[in-house]
Every structure is written in C-alpha cells, then in structure tokens.
Amino acid sequence: MDSDTACSIYRALCSCYPERIENGISYGDPFRVLILTILSAQTTDRSVEAVRPVLFSRYPSPADLAAADVEEVAAIVRPTGFYRMKARHIVGAARMIVEEYGGSVPCRMEDLLRLPGVGRKTANIVLSNAFGISEGIAVDTHVRRISRLLGLTDAGEPAKIEKDLTALFPRAVWGSVNALLVQHGRAVCIAGRPRCTACVLRAWCRYYRDEVQGNRIATST
DNA sequence: ATCCCGAGGG
DNA sequence: CCCTCTGGAT
C-alpha cells in the first residue's frame with residue numbers, strides 16, 4: 001500500500017468520526033480541520049466555536065462549500081474577523097479541492113500550499129492535526145513566545161528558533177508538539193503577560209526562572 | 001491603545 | 001518590505 005492509499009483510508013475513517021477533540025485541539029476530518037484552521041487566524045476559540053456548527057451544517061463537504069455563494073459564507077464567518085477575505089479563501093480552497101483533488105483535502109505540503117488562504121503555518125497545522133504528518137515545527141507568532149521557554153531573545157531569527165525547536169524533539173512527535181505548542185501559546189503562553197501561574201512548563205522555563213521568579217516581570221493569573 | 005492559530009498583494 | 005483585511009480580548 002502506498003502513502004496516497006493510506007491517506008485515503010485515513011480520510012475515510014475521519015469522515016466516520018468527524019469531530020475528535022483532544023485537549024481542546026480539533027482533530028479529524030481534514031476538510032473541517034482545514035476550514036477551522038483558516039478561520040482561526042487572528043481570532044479567539046469562542047468566535048470559531050460560534051461559527052462552526054452553522055457553517056458545517058450548511059456546508060458539510062468540500063463540494064457544498066465549493067458551490068456556495070461567497071457573500072452568504074461571509075455572513076456566516078463574520079464573527080471570526082477578516083470575514084470577506086476568509087470567505088473568499090475557504091470557498092476558493094473548496095473549489096480547488098473539488099476541481100483538482102477529486103473532492104479530498106490533499107495530504108502533501110506542496111499541494112496544500114496551492115490552496116488559497118493556506119500558507120506554511122496553516123499547511124503545517126493541517127498536516128499534523130488532520131493527517132498526523134510532521135514536516136517540522138512551525139508556529140510563527142508562537143515561536144517568538146515559546147522563545148521565552150528557550151530563553152532566546154526576541155531578536156533571534158525566527159528561522160533559527162524554529163530550527164532549534166525542531167532539533168529538540170524527535171521527528172515522531174513533531175506533529176503533536178506543533179499542535180500542542182500552538183494550543184499552549186493561545187491559552188497560557190500568551191502575548192503580553194503570560195499566565196505563568198497556570199503554566200505546566202514552569203519547571204523548564206528560563207523566562208519564568210529569570211524574569212518572573214526574579215520578580216522583574218508581573219504576570220497575570 | 002494594542003495584540004492576536006497569517007496570507008495575499010502592491 | 002509594508003500594507004490591508006476585521007472583530008474581540010485585555
């Protein structure tokens with residue numbers, strides 16, 4: 001069996017169990033993961049949660065979304081912000097999936113990157129959350145914040161931080177680490193004042209040791 | 001006022 | 001490289 005066949009089998013199983021949530025991270029049906037990941041940019045989980053049932057009950061499959069009116073989709077995804085652009089992106093992505101990929105979300109990086117609204121970060125998250133495939137660790141706005149953990153300065157090249165993080169973990173867990181870091185960066189290791197008192201990584205965090213315990217930085221709860 | 005699970009475009 | 005797109009949280 002080749003990897004494309006394996007992906008198809010995986011997709012079939014996923015469509016049987018479309019919603020798998022673990023530790024607050026959405027896994028499962030690649031179509032849903034893709035759409036939710038695009039919608040999640042620059043927004044809160046609450047906004048995405050509000051939109052999700054409405055969107056997927058009206059457009060359960062790529063074919064349904066591909067046939068949708070962009071204005072109608074825009075009205076639905078409005079609470080997530082950037083709604084006109086996001087509506088154009090997800091409908092355009094659905095159309096490309098239907099027209100060029102036989103209605104299935106592709107499971108290769110190069111193919112995912114062709115979809116409108118999908119860049120390196122979105123593609124990475126889709127690969128790991130939907131297919132369990134790891135291409136390395138790329139968490140963008142989070143790499144800078146996770147650099148607190150490594151004790152690297154903000155001036156450090158993002159590419160170097162990314163490389164260091166990737167080197168820290170074995171390949172087999174890149175995907176889950178990627179997803180979990182993003183989740184952690186959203187919930188706990190947030191911009192501004194990180195919620196260090198709620199952080200399970202305190203024991204290893206150089207930022208916490210140097211800045212917080214050293215009483216040089218105030219943290220929120 | 002400032003920032004956020006970015007990507008596309010000039 | 002810098003701008004824009006938007007709403008919501010802090």
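The chains referred to below are lettered A, B, ... by the order of the sequence lines, with proteins before strands, and numbering in each begins at 1.
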Between [X] ([atom1]) and [N] ([atom2]), how many Å, whole number?
| X | N | atom1 | atom2 | value |
| --- | --- | --- | --- | --- |
| A/Ile35 | B/dA7 | CD1 | P | 14 Å |
| A/Ile125 | B/dA7 | CD1 | C1' | 13 Å |
| A/Leu36 | B/dG6 | CG | C1' | 16 Å |
| A/Phe82 | B/dG8 | CZ | C1' | 12 Å |
| A/Arg120 | B/dG8 | CZ | C1' | 17 Å |

Legend entry - Pairwise P distance for C/dT6 and B/dG9, with rounding to whole Å: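 About 14 Å, rounded to a whole number of Å.
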Legend entry - A/Arg52 bridged to A/Glu49 by N-O distance under 4.0 Å: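 Salt bridge present between A/Arg52 and A/Glu49.
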Inset, instruction - Would you confirm whether A/Lys86, through its side chain, and A/Val77, through its main-chain N or O, come within 3.5 Å as a donor-acceptor pair? - result: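 No, A/Lys86 side chain to A/Val77 backbone: no donor-acceptor pair under 3.5 Å.
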Inset, instruction - Tell me, please, the opening and closing nucleotides of DNA chain C, 5' to 3', among those with an atom under 4.0 angstrom from a non-hydrogen atom of chain A. - result: C/dC5 to C/dA9
Legend entry - Pair listing, salt bridge (Lys or Arg N to Asp or Glu O under 4.0 Å) test, anchored in residues 113-123 of chain A, at least two apart: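 As it turns out, the salt bridge (Lys or Arg N to Asp or Glu O under 4.0 Å) pairs with a partner in residues 113-123 of chain A, which skip direct neighbours, are A/Glu100-A/Arg114, A/Arg120-A/Glu162, A/Lys121-A/Asp140.
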Inset, instruction - Check A/Val73, A/Val70, A/Leu34 against A/Ile90 for a side-chain contact (heavy atoms from CB on, under 4.5 Å) and give me the one that passes. - result: A/Val73
Inset, instruction - Would you kindly confirm whether A/Ile133 and A/Phe31 end up in one hydrophobic cluster when ILVMFWY residues are joined by side chain heavy atoms under 4.5 Å apart? - result: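 Looking at the clustering, A/Phe31 is in the same group as A/Ile133.
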Inset, instruction - Look at the side-chain heavy atoms of Ile, Leu, Val, Met, Phe, Trp and Tyr, link any pair under 4.5 Å apart, and say whether A/Leu55 and A/Val105 land in one connected group. - result: yes
Legend entry - Value rounded to 0.5 Å, distance of OG1 in A/Thr197 from CZ in A/Arg195: 9.0 Å
Inset, instruction - To the nearest 0.5 Å, tell me how far A/Asn129 CG sits from A/Arg32 CZ. - result: 15.0 Å
Inset, instruction - Kindly state which residues belonging to residues 83-93 of chain A come within less than 4.0 angstrom of DNA chain B, counting heavy atoms of the residue only, listed by number. - result: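 When residues 83-93 of chain A is checked for heavy atoms under 4.0 Å from DNA chain B, the hits, listed by number, are A/Met85, A/His89.
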